[in-house]
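Down below is the structure, laid out as structure tokens.
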Protein chains: 2
Amino acid sequence: MAAHTHPRQNLTELTARLRQHAQRITGPRQLILEVLRREEHPLTARQIHEQLDCDLATVYRSLRLLEEMAMVKRFDFGDGTARFELLGQNDDGHHHHLVCRECSTVVEIGECFSGNLEQRIANQHGFASVSHRLEFFGLCPDCQAA
Amino acid sequence: MAAHTHPRQNLTELTARLRQHAQRITGPRQLILEVLRREEHPLTARQIHEQLDCDLATVYRSLRLLEEMAMVKRFDFGDGTARFELLGQNDDGHHHHLVCRECSTVVEIGECFSGNLEQRIANQHGFASVSHRLEFFGLCPDCQAA
DNA sequence: GTCTACTTGCAAATGATTTGCAATAAGGGG
DNA sequence: CCCCTTATTGCAAATCATTTGCAAGTAGAC
């Protein structure tokens, strides 16, 4: 998964991609990638901000940029707060999560239903470039005990 | 699907369920159900409010109550605004949507992947009462043409 | 009809995210 | 290595969806 990327790789890739967008390699942008690289689960903008020393608005702006450059992926756990995960260079980030309804523990899920279903749905309704958002919710072992 | 419920049925069910919760049958609560019954797609609190004549806060409070009573179901299309759909008495509301990324046209999707996958994921990680949230996004026929 | 607890309207509070703008810094050119 | 242009940042204020406090209003049991 994405979190295993070597730090230098991030920076190299960041530089390359930023060049393509004619944008600059700044401290905050590098730092956000560092923070995300350290975490194996998606983080909220606020959580990222807590580990940095720049403005929260900058975090939001950078995340948006990194998302457009496909270096981070946004996830939505339905609690009104976006979460972000690092993407590797050849990683399309297609995976899902299993989230505990009580304590918010997150487990990454690699599996997914067959692309078949998506294709069928697209065809059936004449839609193009169909993608999906899928997350699982439940009670983790600890919270079942409690 | 839920939208085919007869109006009187709504009211009867509403009365019954409200009784169970020791709560009152008020104008706004009935009206919200009426509005939802007329629509075949999920509506935002604001959209419901526009068709009524009560406070927005009341709409939010009522929707929350109706959701707890399993009379409406909340959907999240990832745009930061919750949407609500009416549920019939014996309807668990388990269905998904295919949403156009351009014009937000919504199509209801009855199919889903086999419960098998969900079961396997739950077992694999020791989670209980696992459910999922799944929505599809794409370009509708009209927007492909444009 | 009365009474009481549940509800509503209204205004203000919250929380996530965005935006305007002046000050600052990245990086190509000399 | 300095300069200059332009992207970027920090800060404060604005947005947006949703929630909440509170006094006034009203279902519904008696």
Side-chain angles (χ1 to χ4, degrees), chain A residues 11-12 14-36 42-69 71-85 104, chain B residues 11-36 42-69 71-85 99 104:
Chain A
L11 191 52
T12 306
L14 173 62
T15 305
R17 297 212 190 174
L18 281 174
R19 285 237 177 77
Q20 290 170 15
H21 290 245
Q23 270 146 341
R24 292 171 185 171
I25 300 160
T26 66
R29 288 174 188 174
Q30 291 177 56
L31 289 173
I32 287 173
L33 289 180
E34 289 299 307
V35 171
L36 287 175
L43 294 182
T44 64
R46 189 169 298 280
Q47 289 172 322
I48 294 171
H49 175 243
E50 281 164 6
Q51 300 189 42
L52 294 179
D53 173 40
C54 70
D55 198 80
L56 182 56
T58 298
V59 174
Y60 276 108
R61 280 187 283 229
S62 299
L63 284 171
R64 182 180 271 255
L65 176 70
L66 292 170
E67 186 190 9
E68 282 165 10
M69 302 192 330
M71 293 198 64
V72 306
K73 181 162 178 180
R74 175 189 304 257
F75 286 94
D76 177 2
F77 290 176
D79 67 347
T81 309
R83 303 185 188 238
F84 302 85
E85 253 184 33
S104 297
Chain B
L11 191 52
T12 306
E13 196 189 350
L14 173 62
T15 305
R17 298 211 189 175
L18 281 173
R19 285 237 176 77
Q20 289 170 15
H21 289 245
Q23 269 145 344
R24 294 173 183 169
I25 301 160
T26 66
R29 289 174 187 174
Q30 292 177 54
L31 289 173
I32 288 174
L33 290 180
E34 289 298 305
V35 170
L36 287 174
L43 294 181
T44 64
R46 189 169 298 281
Q47 290 172 322
I48 293 171
H49 175 243
E50 282 164 3
Q51 300 189 43
L52 294 180
D53 172 41
C54 70
D55 198 79
L56 220 204
T58 297
V59 174
Y60 277 107
R61 281 188 282 229
S62 299
L63 283 171
R64 182 179 269 253
L65 176 69
L66 292 170
E67 186 189 10
E68 283 165 10
M69 302 194 326
M71 292 198 65
V72 306
K73 181 162 180 181
R74 176 189 304 257
F75 287 94
D76 178 2
F77 290 175
D79 66 347
T81 309
R83 297 175 196 245
F84 302 84
E85 252 183 33
V99 186
S104 298

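Only a predicted model underlies this, so the values are computations on that prediction, with no experimental measurement involved. Proteins get letters first, then strands, A, B, ... in listed order; numbering begins at 1 in each.
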>> Any N or O donor-acceptor pair under 3.5 Å from the base of dT7(C) to the side chain of R29(B)?
In response: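 Answer is no: no donor-acceptor pair is held.
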> If you fit an axis to the five pairs at each end of the helix from dG1(C)-dC30(D) to dG30(C)-dC1(D), how big is the angle between those two axes, to 10 degrees?
Replying inline: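 Rounded to the nearest 10 degrees, the bend comes out at 30°.
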Side-chain donor-acceptor distances from residues 52-65 of chain A under 3.5 Å, at least two apart:
unit_1 : atom_1 : unit_2 : atom_2 : d
D55(A) : OD2    : A57(A) : N      : 2.9
S62(A) : OG     : T58(A) : O      : 2.8

>> How many whole angstroms separate atom CD1 of I25(A) from atom C1' of dG28(C)?
In response: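 After rounding, the reported distance stands at 13 Å.
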> Which residues pass the salt bridge (Lys or Arg N to Asp or Glu O under 4.0 Å) test with E68(A), sequence neighbours left out?
Replying inline: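 Checked E68(A) against salt bridge (Lys or Arg N to Asp or Glu O under 4.0 Å); zero matches.
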Can you tell me if the side-chain N/O atoms of [X] get under 4.0 Å from OP1 or OP2 in [N]?
| X | N | answer |
| --- | --- | --- |
| R64(B) | dT19(D) | yes |
| T26(A) | dA25(C) | no |
| Y60(A) | dT18(C) | no |

> For residues 73-84 of chain A, which residues have at least one heavy atom under 4.0 Å from DNA chain D?
Replying inline: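 Heavy-atom cutoff 4.0 Å gives no residues at all.
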> Going by heavy atoms in the side chains, are F77(A) and S104(A) under 4.5 Å from each other?
Replying inline: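 Side chain of F77(A) against side chain of S104(A), heavy atoms only: no contact under 4.5 Å found.
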Nucleotides 9-14 of chain C: which of its N/O atoms have a protein N/O under 3.5 Å away?
unit_1 : atom_1 : unit_2 : atom_2 : d
dG9(C) : OP2    : D55(B) : N      : 3.0
dG9(C) : OP2    : T58(B) : OG1    : 2.6
dG9(C) : N7     : R61(B) : NH2    : 2.8
dG9(C) : O6     : R61(B) : NH1    : 3.3
dG9(C) : O6     : R61(B) : NH2    : 3.2

> Is the backbone of R24(A) close enough, under 3.5 Å, to the side chain of R29(A) for a donor and an acceptor to pair up by distance?
Replying inline: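 Yes.
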> Of all residues at least two apart in sequence or in a different chain, which pass the side chain to side chain contact (heavy atoms under 4.5 Å, CB included) check with E50(B)?
Replying inline: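 With sequence neighbours excluded, E50(B) shows a side chain to side chain contact (heavy atoms under 4.5 Å, CB included) to R46(B), given in chain and number order.
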